[in-house]
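Residue numbers start from 1 in every chain, and the chains themselves are labelled A, B, ... in the order their sequence lines are given, proteins ahead of strands. Just so we're clear, the structure is a prediction, and the values are computed from it rather than from any experiment.
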Protein chains: 4
Amino acid sequence: MANSDDDDSIGGSAARPGKRKRLVSAASDLLYQQGVENTTLADIAHAADVPLGNVYYYFKTKDEIVSAVIEAHVHDIEEMLASLDRRHRTPKSRLKALTRELTDQRNVIAQYGCPHGTLCSELEKRTSGTDHATVRLLEIPIEWTERQFRAMGRHDAHDLAVEFMAAYQGAAVLTQALRQPELLTHEGRRLKRWIDSLEA
Amino acid sequence: MANSDDDDSIGGSAARPGKRKRLVSAASDLLYQQGVENTTLADIAHAADVPLGNVYYYFKTKDEIVSAVIEAHVHDIEEMLASLDRRHRTPKSRLKALTRELTDQRNVIAQYGCPHGTLCSELEKRTSGTDHATVRLLEIPIEWTERQFRAMGRHDAHDLAVEFMAAYQGAAVLTQALRQPELLTHEGRRLKRWIDSLEA
Amino acid sequence: MANSDDDDSIGGSAARPGKRKRLVSAASDLLYQQGVENTTLADIAHAADVPLGNVYYYFKTKDEIVSAVIEAHVHDIEEMLASLDRRHRTPKSRLKALTRELTDQRNVIAQYGCPHGTLCSELEKRTSGTDHATVRLLEIPIEWTERQFRAMGRHDAHDLAVEFMAAYQGAAVLTQALRQPELLTHEGRRLKRWIDSLEA
Amino acid sequence: MANSDDDDSIGGSAARPGKRKRLVSAASDLLYQQGVENTTLADIAHAADVPLGNVYYYFKTKDEIVSAVIEAHVHDIEEMLASLDRRHRTPKSRLKALTRELTDQRNVIAQYGCPHGTLCSELEKRTSGTDHATVRLLEIPIEWTERQFRAMGRHDAHDLAVEFMAAYQGAAVLTQALRQPELLTHEGRRLKRWIDSLEA
DNA sequence: TATGAATGAGCGTTCATTCAT
DNA sequence: CATGAATGAACGCTCATTCAT
């Protein structure tokens with residue numbers, strides 16, 4: 001299969017990770033930092049150190065690269081949440097750990113916004129009707145958050161989850177627009193207090 | 001000066017607004033609905049019914065049109081807030097009226113997101129360092145909101161204002177990504193209850 | 001209108017015929033000599049001495065150029081037949097004059113085939129389902145030929161017209177494939193004899 | 001020699017013809033239906049179920065595949081004519097049988113034209129001077145037809161053969177352009193009558 | 001002021017061909 | 001023999017911007 005995710009480094013002369021992975025990784029960074037429309041395939045190819053023509057061996061269109069980036073994000077999100085599940089036992093500590101994960105990124109977010117939120121916003125405006133795969137980027141953390149609130153015994157778990165995620169997404173928008181990383185820190189602290197204040 | 005804001009229709013047959021205004025208005029709509037990068041100057045000229053070559057009489061570059069759109073947004077926001085000031089007397093009713101203004105747009109927001117938030121996100125990623133004029137789009141309502149909270153006697157007025165605006169921006173992001181206008185309605189109700197619950 | 005067929009040379013500085021015309025003319029020649037697929041837009045632009053980017057001011061797509069070439073062919077055919085109508089009085093002399101027109105081109109046909117027949121063949125195989133405008137290229141002369149046979153009092157005018165055109169098209173195919181211009185001359189002579197031999 | 005025509009399936013599980021044969025067969029179909037320029041090597045490899053990289057073991061260039069397709073056509077034509085020689089005794093019945101062979105294909109011809117005529121037309125326009133091998137595609141049936149007319153005692157056998165083939169090729173062109181399979185049927189009937197009417 | 005026309009750099013994409021194993 | 005991967009030149013097309021009148 002062409003779309004192998006494996007490295008091509010076993011016994012070979014080139015010791016770098018697989019090209020497909022490199023392409024997705026480079027694309028992920030560039031789409032995030034420059035936006036989808038401002039990023040050319042040549043940019044991506046160059047950043048991944050892959051000849052331009054070769055990109056099309058792995059992805060038939062630019063849209064397909066975008067999709068692959070979304071999938072990679074989904075994968076990363078799921079892994080991060082699974083890691084939180086492993087490292088923390090109570091719902092409250094899990095939620096606060098997630099909050100911490102988000103605020104830890106305050107500096108990049110002040111530059112480029114939330115990687116998932118801005119990607120959603122941008123792709124919803126593309127004419128080519130990207131298949132709305134981006135929705136998972138926000139659904140997955142909402143669902144996870146909802147599970148935590150439910151585990152706390154809250155019957156309004158879904159509403160709380162939406163409130164939580166909206167608070168984070170909005171803070172990210174303001175943080176980027178105002179270029180104030182501290183804003184996100186501040187909102188993070190508030191959210192942690194809010195989580196602590198919730199009762200069953 | 002060439003860039004007159006006045007109509008150019010005096011003595012003419014039709015009473016259409018001046019070309020510059022038509023261009024800004026068309027650009028405002030298209031940038032919002034299609035995104036900045038997906039909108040061509042030809043699109044804008046066509047929508048404004050202005051010959052393409054003529055656009056450059058009013059705006060030297062595409063960036064200048066974008067700036068004019070931002071200015072128009074700023075103007076609209078200020079007018080809207082001034083109107084709220086006029087129509088409502090107490091800070092709480094003003095804040096709830098603002099909330100209502102925002103939720104009233106739930107259907108367009110579900111399609112294109114918040115006109116100001118998405119514009120900020122998008123422009124922050126452009127290579128050509130747009131002069132960060134977008135910041136006013138969010139600063140102005142934050143400051144206005146802060147004034148209301150302060151008038152309520154709250155010493156944490158700024159924090160509350162940020163919390164309020166973040167809640168709205170985040171709700172807009174989720175509303176667009178999940179394509180659920182009701183989500184915004186729901187968050188609006190919650191915000192109104194929250195406002196009512198605040199004490200001096 | 002952009003698609004003006006007029007010259008742009010009246011009082012202007014450039015004294016060459018209109019660019020659109022030059023483009024269609026160059027395209028017509030190149031499509032004929034090299035085939036549709038082998039001819040690039042850069043080829044056409046170069047031959048017409050028009051900057052590549054400017055081609056798209058006149059034609060939105062390559063297909064549109066091809067269509068314009070077909071229309072030009074249709075126009076030429078109609079003018080040629082009208083000229084035959086004017087210059088000859090009897091159906092028989094008209095038909096023989098047409099035969100002469102065709103055989104006069106024997107040398108180019110030996111190189112590139114019949115300009116209309118080869119264009120039809122090629123375009124029928126394009127995936128993009130060109131709107132079958134090519135059919136007129138053969139229908140028009142068939143109909144004209146049929147009118148002549150009918151004027152001769154033949155009730156089988158349509159069949160004779162098809163037979164005539166098929167004879168010419170087939171001769172053109174063989175002439176090109178075998179690279180023998182004389183073959184077309186010979187078939188032309190035969191056709192003239194055949195026309196003469198027909199009775200009412 | 002590497003370019004064996006034999007099967008490579010001895011001892012294998014399936015009895016599929018050898019790769020080379022499959023490639024030529026797939027290429028023959030695709031070149032006919034889509035045209036030479038519109039058919040990629042990947043298309044051919046896919047249709048033949050041969051890995052793309054492997055194609056170059058059998059054919060050094062795309063042109064070589066085209067040549068092989070022509071050779072295959074030549075072979076098929078010769079076989080078909082030999083079969084007619086075997087199955088029919090008199091020249092007239094042989095010629096009418098050939099006519100029947102051709103009209104039997106009216107439906108494909110209405111879609112793609114004559115497999116040999118369109119191939120000739122197309123290849124004559126390629127820049128890379130294909131070695132004019134296509135000429136055999138039309139020469140062989142002309143020569144065979146000429147032999148039949150000569151066997152009938154006609155001294156103008158060559159002219160009649162050219163007339164016959166031109167009639168068929170032209171009918172094929174019209175049939176495809178006008179998309180009327182019946183046109184070929186009709187011309188076939190006329191040709192049979194014509195053959196019958198010929199005297200020594 | 002106004003405008004149709006022009007311009008060229010660049011983009012996404014294709015494909016015959018080659019290479020390393 | 002076989003094959004997945006690689007390569008780069010070229011193609012059709014777009015678009016912000018400029019020009020001539």
By ring-ring contact (aromatic ring centres under 6.0 Å, His included) - contacts of A:Tyr112 (at least two apart):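 A:Tyr112 satisfies ring-ring contact (aromatic ring centres under 6.0 Å, His included) with A:Tyr32 once adjacent residues are dropped.
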
Would you mind telling me which residue lines up with the more 5' stretch of DNA chain E, B:Gly53 or A:Glu37, judged by nearest nucleotide?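 Its nucleotide being nearer the 5' end, the pick is B:Gly53.
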
Nearest-nucleotide comparison on DNA chain E, the residue closer to the 5′ end among B:Val50 and D:Lys62: B:Val50

Which whole-number value in Å describes the distance from [X] [atom1] to [N] [atom2]?
| X | N | atom1 | atom2 | answer |
| --- | --- | --- | --- | --- |
| B:Leu52 | E:dT1 | CG | C1' | 16 Å |
| B:Lys60 | F:dA16 | NZ | P | 18 Å |
| A:Tyr57 | E:dT14 | OH | P | 16 Å |

Taking Watson-Crick and G-U wobble pairs with both distances under 3.5 Å, convert DNA chain F into its dot-bracket string, 5' to 3', dots for unpaired and | for cross-strand pairs. .||||||||||||||||||||

Could you list all the salt bridge (charged side-chain N to carboxylate O under 4.0 Å, His left out) pairs where at least one residue sits in residues 26-37 of chain B, not counting sequence neighbours? B:Glu37-B:Arg126

Among the nucleotides E:dG12, F:dG8, F:dA2, whichever has the atom closest to the side chain of A:Leu41 is E:dG12

Does A:Leu30 offer a backbone N or O that forms a donor-acceptor pair with the side chain of A:Thr39 under 3.5 Å?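 Side chain of A:Thr39 to backbone of A:Leu30: a pair is present.
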
Map C:Thr61 and D:Val55 onto DNA chain F by nearest heavy atom, then report which one ends up closer to the 5' terminus.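 Comparing both residues, the 5'-ward one is D:Val55.
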
Given F:dT3, is OP1 or OP2 found less than 4.0 Å from the side-chain N or O atoms of D:Tyr56? no

